2 protein chains.
Amino acid sequence: MRLILVAGTTATATVDGLSAAGADPDTMAHTPSADAEILAYGDVVRSPVVPVSPTGCPTPAVVTRAARDLLEFPVTVVDGGLARPTAAPTVEVGAAPGGDVRDPEPVPDAGGTYDAAVGLGRSLPEAELLVAETVPGGTTTAMAVLRALGESAPVSSSLPANPLDLKRSVVAEALAASDLAPGDCAGDPRRAFRLVGDPVLPVVAGLAAGAAERGARVTLAGGTQQVAALAALRHAGVTAPFEVATTSFVADDVPDLRRVVAGFDADPTVTDPGFAERSEPALARYVAGEAKEGAGMGGAVALAARAERLECLKNRIVEMLDKIGGRHEP
Amino acid sequence: MRLILVAGTTATATVDGLSAAGADPDTMAHTPSADAEILAYGDVVRSPVVPVSPTGCPTPAVVTRAARDLLEFPVTVVDGGLARPTAAPTVEVGAAPGGDVRDPEPVPDAGGTYDAAVGLGRSLPEAELLVAETVPGGTTTAMAVLRALGESAPVSSSLPANPLDLKRSVVAEALAASDLAPGDCAGDPRRAFRLVGDPVLPVVAGLAAGAAERGARVTLAGGTQQVAALAALRHAGVTAPFEVATTSFVADDVPDLRRVVAGFDADPTVTDPGFAERSEPALARYVAGEAKEGAGMGGAVALAARAERLECLKNRIVEMLDKIGGRHEP
């Protein structure tokens, strides 16, 4: 088993009020680079700060790294369009930072990176892969891709109150700027990625398609962005079985999640990490509905639950946060 | 502890008869990319073949990966000028493939990559680092750098019979093309790297300098290329203690090695992996003097010896070779 984190950026994240994946728009551009470092080294290295939400919720990458410490699975980071330097080793598939989804063509090379990711997924040796993502603003681009494919699946948010009206208006602008009506990209997910996506989605979908093709078990670790990847895989004609592993925080935000995943003929796994039983303020931010998911958190807690080590996981998370300082009182 | 492999290329490797780090000049360009994959995944992924010498000696990267399997140390690959795609995750410091050492300026950005590597070495969290290299043709560029610094230290070879006359003539051409007499770069190793080096050396030296600056214990894992990195560090005014860990194959080829390393005020560690006690043909190629070192092999066998697990290491190497097919009868 290997966890692959696809880390990238979209200028869509700079839309005010859209994402909580960083304290402010400027530091948000560093979040995927920092998440990759936390997974690789257990701390930030080149990145300026441990990512936290505006109100102090630490990045879910801490949860995934804590799970890695306990369960010792290997992790590979794929550059899905990083905009800031990272000390984490990354695999290149040709991805560049994504433009604003309201541009006519925010991800010009989506087709090329999809193909390169298929090749990589096909050649990796592991029989089981967890594919994860980190891209601030990614639920908005996921919504745009879903609509371009003609899918009505709902999306979640890293904010406690999902700014759905704002997202819908950004997505409407995005479709209009690319001369698309909902459903115009049905059966052509590469076009949807290119015209209204972010650079992470084609890489996630490509890796999953390539690995599935050679018979690997693939878990899409994450929330509604992974639903968009899953929808894209089905629109690409990939019929392999997939699992979507996410947190109870996402499932609470999107009550339809299990039904939607099952509708795409995939298995939903929803895991409650049990943060509500703990008193630490950093974990309480999650219980209050912040962050919810990201950087493979849903897959990581599922692995810890499967190994019956959720208590150890929580202790390890708190230990890490004490050390690296990803805890801010609002 | 972390092992950092700096992987890169120099067009110098295409000089006929200079290197055995690949079956022929064309596949030699893939060797560092393949070595990185073997360290990351235990097998080649994107690279076309498991590197072997023209007579079938498997790449020393197999030895380092086998040691990693046993001792479970983390590995990071830094791109020191790769010329072919790799599926191994790499950290970027701005290095590009190196030109022919007989060009006037084969590594134009050596100063920039040295600085970036210093920054990376300074910020990594580990208290102990092993810095390793893989660059076909690297002993020739190491000789050129040593001479430019005014150092007479000898260099080894990946061939059983060190083509020293050829190397001396290439190095003389290299110095002449850059308008240098021996010693002209004394005290200025960045200039030596830029004018007569390869892109891996400044990154190795920079990582070591940065990590040493923050008090980390640094082992230069490798043969006479690491002696060149060590000499460069001393010429850069770095006074920290260093260890050079290499194989008995290099020490047999360069009887002066221990004295030379001690002369640069560093500790030599020479480890015999005991391949002579084994009957497997792949290991016999090493006993016959091929490859000798590379991709951190000397550091890897030192770690295995320290853990008293050399026997396990050899079994693991043979197991790996049986699986990935890095065994060719000449």
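Here the structure is a predicted model, which means the values were calculated and not measured. Convention: sequence-line order gives letters A, B, ...; per-chain numbering from 1. Below, all heavy atoms of this structure are taken into account, side chains as well, without hydrogens, waters or symmetry copies.
In this structure, no portion of A/R122 lies under 4.5 Å from any heavy atom of chain B. Contact annotation for A/E126: only side-chain heavy atoms (C-beta onward) come within less than 4.5 Å of a heavy atom of chain B. In this structure, the portion of A/A88 lying under 4.5 Å from any heavy atom of chain B is its backbone and not its side chain.
In summary, the side chains of B/R2 and B/T76 do present a donor paired with an acceptor at a separation below 3.5 Å, with no hydrogens or angles considered.
Contact check on B/E243 versus B/R306 returns no salt bridge, with no Lys/Arg side-chain nitrogen under 4.0 Å from an Asp/Glu carboxylate oxygen.
Of the options B/T31, B/D35, B/T134, a side-chain hydrogen bond (donor to acceptor under 3.5 Å, both in side chains) to B/T59 is made by B/D35 and by none of the others.
Under the 4.5 Å side-chain criterion, counting only non-hydrogen atoms from C-beta, B/V44 is in contact with B/I38.
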